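Let me begin by presenting the structure, written as structure tokens, before commenting on it.
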Amino acid sequence: MRHFLPAFCICALLPVSLMAQQPDWEGGFPDGCTSITAGKGATADGSVITSHTDDSHRTRSWMDIVPAARHSRGSTATMYRRVADDSLKMPAYRHIPIGEIPQARQTFQYLNTAYPCMNQYQLGVGESTFGGRDELQSDEGLIDCQRLCLLMVERCKTAREAIELAGELTGEYGWNDFGECLTIADKKEVWHLEIVGPGKGKVGSVWAAQRVPDNHISVNANASRIREINLDDPDHFMASRNVFSVAAEQGWWKEGETFEFCYVYAPESRTSIAARRREWRVFDLLAPSLDLDPNAENYPFSVAPDKKVTLEDLITVFSDYYEGTPFDMTKNMTVTNEEGMAVISPLANPHMPYDMNRLFDINGGWDWRGERTIARWYTMYATIIQCRDWLPDEIGGVVWFALDNVASSIYIPVYCSVTDLPGSYKTPGRPNGFTRESAWWAFNRLGTLTAQRWGEMRHDVNGVWDVWQMELLEAQEPFEEKVLEQYRAGKREESVRTLTEYTLQWGDKVVSKAWELGDMLWTKYDEKF
């Protein structure tokens with residue numbers, strides 16, 4: 001597809017401390033992200049959707065807009081190794097240059113979150129780590145997950161093109177990360193790309209991709225989910241040329257046996273109840289008629305929802321922590337009320353850090369860790385991405401963006417053409433510690449406070465956010481009609497300014513309210529938490 005020059009690599013010179021690490025893992029499994037996807041026939045308005053909760057204790061909290069650019073012939077793009085950095089005020093990542101690859105002559109504008117997530121042509125990307133066999137990870141490669149997301153959104157316009165680029169670049173310059181699933185959406189379709197390394201000391205990658213049928217939803221929650229692949233059906237499957245040969249060389253599969261990608265390359269990921277419980281819950285909330293077993297080892301790769309999915313539905317799913325199910329971690333944290341009845345204590349908290357799980361002897365599918373819920377107290381940010389082919393790209397692509405624990409947060413729209421973001425969203429929150437200049441800290445403080453007396457405080461917080469969230473959802477269509485009129489009148493720049501101002505307005509508004517709500521909780525519940 002493209003011609004690339006040789007890359008410069010310094011991987012062989014890396015000290016042990018710069019080799020691949022697992023700081024966001026827990027109990028031997030990735031404790032990271034959840035991504036839900038939906039085809040255009042599965043959504044109420046015809047959007048193609050991908051999403052991502054960046055559940056991390058270290059990734060950066062700030063975001064910005066990287067504009068489109070032209071690059072001179074012979075330009076290069078630097079690749080980095082991401083390593084844990086505990087030298088700052090808070091745990092973070094440091095990015096060490098390890099080599100260069102040729103830069104594209106033209107790169108596109110994109111929303112630069114920790115995992116760059118959408119570009120000006122409505123290409124959207126979500127992510128979830130699944131790990132895979134340790135012996136597949138190779139430090140000889142140049143490209144990790146965050147860099148691959150960036151390369152996709154700066155260079156590609158469609159999901160298929162992004163998958164082809166991923167295969168080509170990681171095949172040439174090497175994948176150095178553990179197993180990852182990237183959920184890639186464009187205006188027509190959405191795919192899950194699962195990629196692992198080629199083996200210790202090797203340069204390359206092994207990958208498979210499966211398309212979510214137009215009338216289906218799917219999910220990845222830190223476990224490989226692609227099973228049998230049918231490369232005679234290129235409308236639904238793609239894979240690297242070595243997908244079978246590496247498995248055979250390693251003795252993980254023999255020709256004539258059933259080949260299942262997840263069991264060949266990431267078998268332990270299918271044993272993780274932390275992953276499987278979330279898979280079940282997403283399907284159970286959106287397709288309850290299937291009556292799936294919450295303890296099953298596998299679920300269908302994708303399912304048809306019982307009704308077409310709305311943004312409101314997805315916001316509800318992402319804020320879920322199994323309340324009302326046997327897996328609700330607060331179910332046994334009861335007190336006796338004035339009527340003599342056992343009720344869940346207002347101090348019962350489904351968002352406890354691990355030390356509190358031990359203190360309260362919480363036990364669940366994930367042993368002393370309880371249950372790995374969808375909503376998470378260490379979510380850095382979350383996205384729900386709409387791609388819509390009936391609108392111009394400037395209006396059709398929108399990232400619904402929330403900060404911190406989505407169960408006590410709110411999503412605002414960031415259109416893929418906006419030229420700026422509120423200053424607080426661009427301000428780093430972790431390297432220098434607490435600051436009122438950072439949007440993330442406004443929501444992190446609010447989420448932490450709300451969890452301390454969850455049974456009561458969440459109603460104060462959601463009483464505000466639910467109203468504002470519905471206002472945003474109901475205003476979306478009439479607002480976009482107004483912008484579309486500007487666009488059709490030949491006022492493209494004016495329409496982009498209108499979209500940018502809308503994002504700036506709502507970003508400033510919710511951050512200001514988050515600080516205000518936190519102050520209110522301090523006051524109202526003094527001496528009660």
Side-chain angles (χ1 to χ4, degrees), residues 23-26 29-36 50-63 90-93 111 113-117 125-129 145-146 149 181 183 219-222 274-275 277-278 281-282 314-323 329 349-354 356-357 366 369-385 399-412 414 424-425 428-430 438-452 454 457-458 461-462 465 469 510-511 514 517-518:
D24 275 326
W25 292 37
E26 176 62 38
F29 293 99
D31 187 18
C33 312
T34 304
S35 177
I36 301 170
T50 187
S51 57
H52 179 203
T53 57
D54 180 18
D55 301 338
S56 170
H57 307 275
R58 291 180 179 270
T59 52
R60 62 176 167 87
S61 59
W62 60 267
M63 56 189 282
M90 300 178 72
Y93 282 115
L111 180 58
T113 42
Y115 294 81
C117 64
V125 182
E127 179 270 345
S128 186
T129 306
C145 185
Q146 290 183 319
C149 291
C181 175
T183 55
V219 58
N220 192 284
N222 300 131
R277 189 82 82 216
R278 279 176 285 159
R281 186 58 168 165
V282 170
L314 291 175
I315 290 169
T316 299
V317 173
F318 276 118
S319 65
D320 186 78
Y321 53 88
Y322 309 147
E323 186 175 21
M329 288 184 287
N349 177 0
H351 307 296
M352 293 183 291
Y354 297 134
M356 287 184 69
N357 284 353
W366 209 10
R369 301 171 189 88
E371 297 287 344
R372 204 309 190 173
T373 57
I374 300 172
R376 211 62 177 154
W377 48 272
Y378 51 82
T379 296
M380 198 67 66
Y381 67 87
T383 63
I384 301 174
I385 299 174
V399 178
W400 290 87
F401 187 86
L403 284 163
D404 204 67
N405 185 347
V406 296
S408 50
S409 190
I410 182 172
Y411 288 84
I412 65 165
V414 180
S424 62
Y425 283 76
R430 300 181 68 82
S438 163
W440 176 74
W441 267 113
F443 284 95
N444 178 264
R445 183 187 78 139
L446 177 62
T448 301
L449 282 173
T450 306
Q452 304 314 301
W454 182 255
M457 289 182 174
R458 63 167 164 155
V461 173
N462 290 335
W465 291 152
Q469 191 72 80
V510 299
V511 170
L517 286 171

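Everything quoted here is computed from the prediction, not taken from an experiment.
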Are the side chain of Thr383 and the backbone of Ile385 linked by a donor-acceptor contact shorter than 3.5 Å?
no
Side chains of Tyr425 and Val511, heavy atoms from C-beta outward: is any pair under 4.5 Å?
yes
Met380: which residues meet the side-chain contact (heavy atoms from CB on, under 4.5 Å) condition with it, sequence neighbours left out?
Asp54, Thr59, Ser61, Arg430, Trp440
Which pair of non-hydrogen atoms, one from Ala407 and one from Ala375, has the smallest distance, and what is that distance?
CB-CB, 4.0 Å
Could you work out, with salt bridge (charged side-chain N to carboxylate O under 4.0 Å, His left out) as the rule, every residue matching Asp404, not counting sequence neighbours?
none
Nearest heavy-atom pair of Pro428 and Ser438: which atoms, and what distance?
O-CB, 4.2 Å
Rounded to the nearest 0.5 Å, what's the gap from CG on Asn444 to CH2 on Trp377? Could you check?
10.5 Å
Criterion side-chain hydrogen bond (donor to acceptor under 3.5 Å, both in side chains) against Arg278, the qualifying member of Thr373, Asn220, Thr34:
Thr34
Honestly, is Arg369 close enough over Trp366, meaning NZ or CZ under 6.0 Å from the six-membered ring centre and within 45° of the axis?
yes
If you compare all heavy atoms of Pro350 against all heavy atoms of Tyr321, which two are closest, and at what distance to 0.1 Å?
CB-CD1, 3.4 Å
Is there a donor-acceptor contact under 3.5 Å from the side chain of Ser35 to the main chain of Thr183?
no
Heavy-atom donor-acceptor pair, Glu127 side chain to Tyr115 backbone, under 3.5 Å
no
So which heavy atom on Cys33 is nearest to which on Arg372, and how close?
N-NH2, 4.2 Å
Which of Thr50, Val414, Val399 passes side-chain contact (heavy atoms from CB on, under 4.5 Å) with Cys117? Answer is Val399
Quick one: which of Val282, Thr53, Ile384, Ile374 gives a side-chain contact (heavy atoms from CB on, under 4.5 Å) with Ile36?
Val282
On a heavy-atom basis, the closest approach of Val510 and Phe443 is O-CZ, 3.8 Å
Side chains of Asn405 and His351: closer than 4.5 Å at any heavy-atom pair?
yes
At what distance, to the nearest 0.5 angstrom, does CH2 of Trp454 lie from CE of Met352?
12.5 Å
Which residues satisfy the side-chain contact (heavy atoms from CB on, under 4.5 Å) test with Thr316, sequence neighbours excluded?
none
Could you check whether Gln452 and Thr450, counting side-chain N and O atoms only, form a donor-acceptor pair closer than 3.5 Å?
no
Please check this pair: side chain of Trp441 against backbone of Gly429, looking for a donor-acceptor N/O pair closer than 3.5 Å.
yes
What's the spacing between Thr379 OG1 and Asp55 CG if we round to 0.5 Å?
3.5 Å
Which atom names give the shortest non-hydrogen contact between Gly32 and Asn222, and what distance separates them?
N-OD1, 3.3 Å
Supply the atom-to-atom distance Tyr93 OH to Arg58 CZ, rounded to the nearest 0.5 angstrom.
6.5 Å
Tell me if the centroids of the rings in Tyr381 and Trp62 come within less than 6.0 Å of each other.
no
From Ile315 atom CD1 to Ser51 atom OG, the distance as rounded to the nearest 0.5 Å
11.5 Å
Examine distances only and state if a side-chain atom of Ser409 and a backbone atom of Leu403 form a donor-acceptor pair shorter than 3.5 Å.
yes
Taking only residues two or more places apart in sequence or in another chain, which ones pass salt bridge (charged side-chain N to carboxylate O under 4.0 Å, His left out) with Arg60?
none
When rounded to the nearest 0.5 angstrom, what is the spacing between CG in Leu517 and CE in Met457?
11.5 Å
Check salt bridge (charged side-chain N to carboxylate O under 4.0 Å, His left out) between Glu371 and all other residues, then give those that pass, not counting sequence neighbours.
Arg277
Give a yes or no on whether the ring-centroid distance for Phe401 and Tyr411 is below 6.0 angstrom.
no
For Arg281, enumerate each residue passing the salt bridge (charged side-chain N to carboxylate O under 4.0 Å, His left out) test, keeping only those at least two apart in sequence or located in another chain.
Asp284, Asp320
